[in-house]
Structures are given as structure tokens and as C-alpha cells.
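Read through the structure below, which is laid out as C-alpha cells, and then see the notes.
Computed from a predicted structure; not experimentally measured. The figures that follow rest on heavy atoms only: side chains count, while hydrogens, waters and symmetry mates do not.
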Amino acid sequence: MPDHCQIDVTQGHSCIALVPIFSHLSSEEMAQIASITEEKRYGKHEGIYRAGTGGGNLYVLHDGTVKIYRTGIDGKERVIRVLGPGDFFGELSLFSGKPNADHADALTPTVMCVIEGKRLKALMAEHPSIALKILEELSERLEDTERTLEENTLQNSEQRLARFIIDASDGAIQFDLNVSKGTIASRLGMTQETLSRKLASLQEASIINLIGRRGIMIIDMQALQEIAEGGF
């Protein structure tokens with residue numbers, strides 16, 4: 001079971017300040033949210049919640065990595081999002097009042113700030129800007145979902161992988177993947193075997209260099225961009 005305790009105001013401020021939807025609040029307003037926030041800790045690969053259960057709270061990721069995913073009727077998992085510090089989730093259940101529609105697992109040891117949904121809604125009534133900020137984030141996530149659907153429908157696996165590497169690099173030449181290849185494969189709509197094969201092909205073409213289990217060095221960014229736009 002995850003450890004949990006009422007979070008102190010100072011630590012609550014630190015957790016809340018990470019999230020853009022709360023960054024505009026005053027110290028007093030942040031203290032209000034901190035007072036309805038509970039800290040929870042999860043171990044690596046520990047489940048946070050399951051589809052069809054609970055719901056109604058807002059989860060703020062303070063430290064660690066979390067994957068949000070669903071499973072098909074065939075039992076295969078499809079990763080929807082991978083989240084890091086400052087991200088939040090559980091907002092759909094918070095607004096709808098329905099049980100969670102997806103699963104959430106900690107990919108690494110994780111510290112979570114859980115905000116009580118009912119009392120957060122009351123604060124939203126006092127501070128409508130919080131609700132507006134959450135709606136802005138939901139709009140961005142909807143746009144991201146539509147873009148992912150379009151990519152999975154119109155782009156081949158090489159294009160999707162090239163785009164992923166470019167985005168994951170965040171402008172760096174060498175970087176480490178922050179999640180497993182299995183999670184990445186699920187996010188890109190391919191098997192892990194296909195992902196490994198495509199990565200090996202990019203390395204053989206001297207476009208990237210694989211370093212260890214998760215390291216990638218981009219050797220030819222132009223070629224990678226051309227793949228993302230037109231195939232390999």
C-alpha cells in the first residue's frame with residue numbers, strides 16, 4: 001500500500017507551484033489548496049488506480065514518472081500519456097463524477113500530491129481561473145490526442161518513431177529515454193519487437209547511435225526530419 005500523510009503547507013506550495021494551472025495563485029490561495037492536499041508515495045511499477053474504480057480527485061505528480069493507459073479487449077495495453085513532475089491527471093473523473101476510465105501506474109518511485117475533488121470544486125467556484133486553466137490544459141490534451149490519432153492513421157511506423165525521437169530529444173544531440181521501450185512502443189502503436197527493429201535500422205543507416213539500454217545520440221538530424229516528413 002502507498003504511504004500517505006497530510007501534506008504540510010510548505011511542501012504543498014512546492015507541489016502546487018509546479019503545476020501551471022496553479023502558478024497564478026497567491027500564497028494564501030495556494031495555502032488553501034495545500035490544506036486539502038494529501039501526499040502519497042508509490043513504488044516502481046505500483047498501480048495508482050484502475051479503470052472503473054474511485055475517481056473524483058486531482059493527482060499532481062511531484063516527483064517520478066507515471067503512465068496513463070487503457071487495455072483493449074485483447075488485453076493489450078495502449079499508453080495514452082507518460083507524465084513527469086508538474087503534470088496532473090484524474091481531471092476527467094473529477095469533472096464527470098464517474099469512475100476512472102483509464103489505468104495509472106508509477107513507472108519509477110513516485111511522490112504524488114492528491115487534491116480532494118469535492119473541496120477543489122468549491123475552490124474553483126471561488127477562483128474560476130483555476131477551472132479555466134484546467135480547461136486550457138484539457139484542450140491541449142485533446143489536440144494532442146487528435147494529433148496522435150492522425151499520426152497513427154496516416155503515418156507509417158518509421159515516421160512516428162522519427163517524430164518521437166525528435167520530440168524526445170528536446171533539441172539535444174544525446175539524451176536518455178525516460179521510459180522503457182515497451183512503453184514507447186505502446187505509445188507509438190507498435191510492438192516492442194518492431195520498435196527495436198526500427199531503431200536498429202536507424203542505427204545501421206548512421207542516423208542515430210544507440211547507447212546502452214536507453215541512450216540515443218542523433219547523428220543526422222536532417223535525415224531524421226526527412227523520415228518524419230516522408231518515410232524511410
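No continuous path of hydrophobic side-chain contacts links Ile219 to Ile216 [ILVMFWY only; heavy atoms under 4.5 Å]. Connection of Leu58 to Met124 is established within a shared hydrophobic cluster, with ILVMFWY side chains joined at heavy-atom distances below 4.5 Å, either directly or through further cluster members. In terms of hydrophobic clustering, with Ile, Leu, Val, Met, Phe, Trp and Tyr side chains grouped at heavy-atom distances under 4.5 Å, Val79 and Val179 are assigned to a common cluster.
The two residues Ser186 and Glu77 make their nearest non-hydrogen contact at OG-O, 2.9 Å. Taking both residues in full, the closest heavy atoms of Ile166 and Ala228 are given as CD1-CB, 4.2 Å, listed atom of the first, atom of the second, then distance. Here the closest non-hydrogen pair linking Phe175 and Ser169 is CE2-CB, 3.4 Å.
Taking the side chain as every heavy atom from C-beta outward, Leu83 and Ile68 approach each other to under 4.5 Å. The closest side-chain heavy-atom distance from Met112 to Phe89 is below 4.5 Å. No side-chain heavy atom of Pro85 sits under 4.5 Å from any side-chain heavy atom of His62. Side-chain contact between Ile36 and Leu123: present, with at least one pair of heavy atoms (C-beta onward) separated by less than 4.5 Å.
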Show the numbers, then the answer: is there a salt bridge (Lys or Arg N to Asp or Glu O under 4.0 Å) between Glu39 and Arg41?
-> CA-CA 7 Å; Glu39 178 188 295; Arg41 295 174 180 268; 2.8 Å; yes

Evaluate the criterion side-chain contact (heavy atoms from CB on, under 4.5 Å) for residue pair Ile184 and Val82; output intermediate values, then yes/no.
-> CA-CA 9 Å; Ile184 294 170; Val82 176; over 6 Å; no

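Under 4.0 Å is where a charged nitrogen must lie from a carboxylate oxygen, and between Arg50 and Asp105 at least one such pair does.
The other residues sharing a hydrophobic cluster with Met217 are Ile173, Ile211, where clustering joins ILVMFWY side chains under 4.5 Å apart.
Scanning for side-chain hydrogen bond (donor to acceptor under 3.5 Å, both in side chains) contacts around Thr191 gives Thr194, with sequence neighbours left out.
Sequence neighbours left out, the pairs with a member in residues 63-85 that pass ring pair (Phe, Tyr, Trp, His ring centres under 6.0 Å) are Tyr69-His103.
Within 6.0 Å of atom CD in Gln222, 12 or fewer heavy atoms from other residues, nucleotides or ligands are found, so the atom counts as exposed in its surroundings.
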